[in-house]
Amino acid sequence: MTKLMSVSSRAVTLLLIAGSLTVGALAEDSDAILGSTLIGSTPGQVIGGVTSGGLPWNVSHGRVTVNANGNVRLEVDGLILPSLGTTGPVTGVSASLVCGGSGGTVAATTAAVPLTPAGDARIHDKISAPASCIAPVILVRVAAVNGTPLAQPGPFIAATGFNHTSGDKDSKEQDSADRF
């Protein structure tokens, strides 16, 4: 009986810890000052002085949030070159905050993270966000090619926004547009 109570006590403790972690994660998203889906880029675009990649990119699923403290949480799945079905030579990405919309400037950029050949990446980083940012845009930028980090982030291959394919089940339950 004592052994059963000990096992039950441990299970309850683990459930309480898991519940508090979930509430903490939800609280972090609830203070987001920017929350949006991500879409792939098209050649010839320029946002905040940054040119898009030379080939079209697609995103299966992508979301990004930025909170007032500058915490950036970006998750992207299936960020690929549709002509190849993979990421080609791109092996790392970073995220840049642009203030001032398409004619604005890059205000801050995250550290680089790996991009899998299937196009999956997770960025959880903190940037120095400006006190105010009109028309914010997050750009997903090339940060490594064939495993070699770039000295400066390269072109963008995805950005905040929406299209007819970005309204998947998860993003319909959340916001699919920016919230301020």
Where do A158 and L79 come nearest, in terms of heavy atoms and distance?
CB-CD1, 3.9 Å
Side chain to side chain contact (heavy atoms under 4.5 Å, CB included) between N71 and V66, worked out
CA-CA 6 Å; N71 292 318; V66 180; over 6 Å; no
Does a side-chain heavy-atom distance below 4.5 Å link V93 with V142?
no
Any non-hydrogen side-chain atom of L81 less than 4.5 Å from a side-chain atom of T86?
no
Do F156 and W57 sit in the same hydrophobic cluster, where Ile, Leu, Val, Met, Phe, Trp and Tyr count as joined when their side-chain heavy atoms come under 4.5 Å apart?
no
Shortest non-hydrogen contact between P82 and P56, atoms and distance
CD-O, 3.2 Å
Has the side chain of S52 got a donor or acceptor atom that lies under 3.5 Å from a matching backbone atom of T42?
yes
Let me see the working for I134 and C99 under side chain to side chain contact (heavy atoms under 4.5 Å, CB included), right down to the final yes or no.
CA-CA 6 Å; I134 296 174; C99 295; over 6 Å; no
With side chain to side chain contact (heavy atoms under 4.5 Å, CB included) as the criterion, how do L97 and I127 come out once you've worked through the C-alpha distance, each side chain's angles and the decisive distance to 0.1 Å?
CA-CA 9 Å; L97 170 65; I127 59 172; 4.0 Å; yes
Hydrophobic cluster identity match, L34 and L139, side-chain contacts under 4.5 Å
no
Please round to the nearest 0.5 Å and tell me the distance separating atom OG1 of T51 and atom CD of Q45.
10.5 Å
Measure across T109 and P153 and return the closest heavy-atom pair with its distance rounded to 0.1 Å.
CG2-CG, 3.9 Å
S94 side chain vs A112 backbone, donor-acceptor pair below 3.5 Å
no
Residues pairing under side-chain hydrogen bond (donor to acceptor under 3.5 Å, both in side chains) where one sits in residues 112-138, two or more places apart or in two chains, turn out to be D77-R122
Co-membership, hydrophobic cluster, residues L55 and L115, 4.5 Å side-chain:
yes
Scan for salt bridge (Lys or Arg N to Asp or Glu O under 4.0 Å) pairs involving residues 155-164, sequence neighbours excluded, and state none if there are none.
none
Could you tell me which non-hydrogen atom of A159 sits nearest to which non-hydrogen atom of I47, and how far apart they are?
CB-CD1, 4.4 Å
Under 4.5 Å between side-chain heavy atoms, hopping through other hydrophobics if needed: is there a path connecting I39 to I80?
no
Pairs satisfying side-chain hydrogen bond (donor to acceptor under 3.5 Å, both in side chains), at least one member in residues 141-157, at least two apart
S96-R141
Under 3.5 Å, is there a donor-acceptor pair between the side chain of N67 and the main chain of N69?
yes
Let me check something: do L74 and V98 share a hydrophobic cluster, defined by ILVMFWY side-chain heavy atoms less than 4.5 Å apart, either directly or through other members?
no
Any sub-3.5 Å donor-acceptor pair from T160's side-chain atoms to I138's backbone N or O?
yes
